[in-house]
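Report on the following structure.
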Amino acid sequence: MHPAGLAAAAAAGTPRLRSHCVVQAGVQWCNLGSLQPLPPRLKRSSHLGLPSSWDHSVSPPSSLAASKRRIPVSQPGMADPHQLFDDTSSTQSRGYGAQRAPGGLGYPAASATPQAAFLADPVSNMAMAYGSSLAAQGKELVDKNIDRFIPVTKLKYYFAVDTMYVGRKLGLLFFPYLHQDWEVQYQQDTPVAPRFDVNAPDLYIPAMAFITYVLVAGLALGTQDRFSPDLLGLQASSALAWLTLEVVAILLSLYLVTVNTDLTTIDLVAFLGYKMIGGVLMGLLFGKIGYYLVLGWCCVAIFVFMIRTLRLKILAEAAAEGVPVRGARNQLRMYLTMAVAAAQPLLMYWLTFHLVR
Amino acid sequence: MAEAEESPGDPGTASPRPLMRDLKAVGKKFMHVLYPRKSNTLLRDWDLWGPLILCVTLALMLQRDSVDSEKDGGPQFAEVFVIVWFGAVTITLNSKLLGGNISFFQSLCVLGYCILPLTVAMLICRLVLLADPGPVNFMVRLFVVIVMFAWSIVASTAFLADSQPPNRRALAVYPVFLFYFVISWMILTFTPQ
């Protein structure tokens, strides 16, 4: 443990037992994560490093990303060191008792909260620092590997939505006829976040629609006295299975037709998930006439929506110029687009018809 | 979840935590839920004991009385448990993906504690069900459940809404609404056998 670190930490005078920063070799490094193998007396391990990795937001203009790494240096009149962490989700936003040894390192300029009594015991301080360094490394490892399996940063792009976007997108899903420009805007080679462009796909609406669909299905069955809680699981898993099947089938056909498209898998999942909105609406209705009316409307709407969206992705060159599609290859792609779009209403009907009796 | 309290500069010894202190902490948070106001207690000193107690109580009260009757009564103990915890985890994931600055366990803690009004509703419903069944009975239960459902939503929004920027609050609150709606539905449709 660097002696300078100890000295720096001892500089301030309050008897708080929290180390926020370690100065080593003249470099202050602070642990933003909280995964620490704490020495035995610290019973409470902080939460997983996993969530904190999501805070290092890659996605667009979010001042939150910047503010998370910054902690107010010292808040005047702040008696409670817990206040320091209220705004971050990564580290010790949990409170610790005044006597407790710190759970981890914090932010720069934290000589504001030194621990005089703690420093009376340099051995434990050293152990803490070592433990924290191990924890930081472990956390990095976890973050790196998690990112390999679940593309967390990519996922964050699809959740960069706001209420206005959701409202406009829902309107578009139900009434796509008047919308003119379906092209997603780009910003230096990366597509713009959904919150800035209503054409960009997002995962919030499909995810919420899916959950709402499962619950509404349970509700609909409940009003017909056919409900039992395991049915919720059944609905959820069958809808999920159909969606997965659809995604796999489309990916396969895109591969076979050798389409050069920038349609990623997650994009595809997002687009295919939009039909669950129709499923929600239809599950909400009781009575056959209402059901078929809404079904008809939703089917046409989602068909048009999918055609117009996918046309730009799959038939990119031809569609961009607005010329009619010619040539065998383009024809194949057009058939593929039509097939995908036609599958939506069919699946919508399949997933909801048993809810109406 | 226990908070170790030891004298500073004395590594390796942990005094045993009195049970009362834990209970008092849990009780204090219950009060915060029942009278929601801007306070950071739930967020700062999160613990999962309270949610566990509430969840177990709710599940015990909701489970169907006899194992034989499949369709009557209510869900099994495990089903309630799973719904509550998976619902809470899903809401937390959603909140984090939306870019909220609340941590995983803080969110779980808040959601769990805000089940308290609904547990109270369950207790009241059970008492009301001791009387004769009928439309009046149902109206009373409906009213109680609706009031407690609104209370839960208000309480959890008071804690969770601050973690999101204003243009995304509705998006983060919507799954919370769904979650408590499901629990209220389970409470309302419960009929003892």
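Naming: A, B, ... by sequence-line order, numbering from 1 per chain. Note that the structure is predicted; figures quoted are calculated from it, not measured.
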>> So, taking the atom named OG1 in A:T163 and the one named CD in B:Q164, what distance separates them when rounded to the nearest 0.5 Å?
In response: 9.5 Å
> Can you name the side-chain hydrogen bond (donor to acceptor under 3.5 Å, both in side chains) partners of A:Y165, sequence neighbours left out?
Replying inline: A:D202
>> To the nearest 0.5 Å, what is the distance between CG on B:L97 and CG on A:L203?
In response: 9.0 Å
> With a 4.5 Å heavy-atom cut-off, do B:S95 and A:F159 have their side chains touching?
Replying inline: no
> Does B:R168 use its side chain to pair, donor to acceptor, with the backbone of A:V161 at less than 3.5 Å?
Replying inline: yes
>> With a 4.5 angstrom heavy-atom cut-off, is it the side chain or the backbone of B:S107 that approaches chain A, or both, or neither?
In response: neither
Extract all donor-acceptor atom pairs below 3.5 Å that involve side chains of residues 208-222 of chain A and protein atoms in other chains or at least two apart in sequence.
| residue | atom | partner | partner atom | Å |
| --- | --- | --- | --- | --- |
| A:T212 | OG1 | A:M208 | O | 2.5 |
| A:T212 | OG1 | B:Y174 | OH | 2.8 |
| A:Y213 | OH | A:Q235 | OE1 | 3.4 |
| A:Y213 | OH | A:L351 | O | 2.7 |

> If you take all heavy atoms of A:R195 and B:N167, which pair is closest and at what distance?
Replying inline: CD-ND2, 4.5 Å
>> Checking the side chain of A:Y204 only, and the main-chain atoms of B:L98 only, is there a donor and an acceptor separated by less than 3.5 Å?
In response: no
> Looking at B:V82, B:I83, B:T90, B:L178, which makes the most heavy-atom pairs under 4.5 Å with chain A?
Replying inline: B:L178
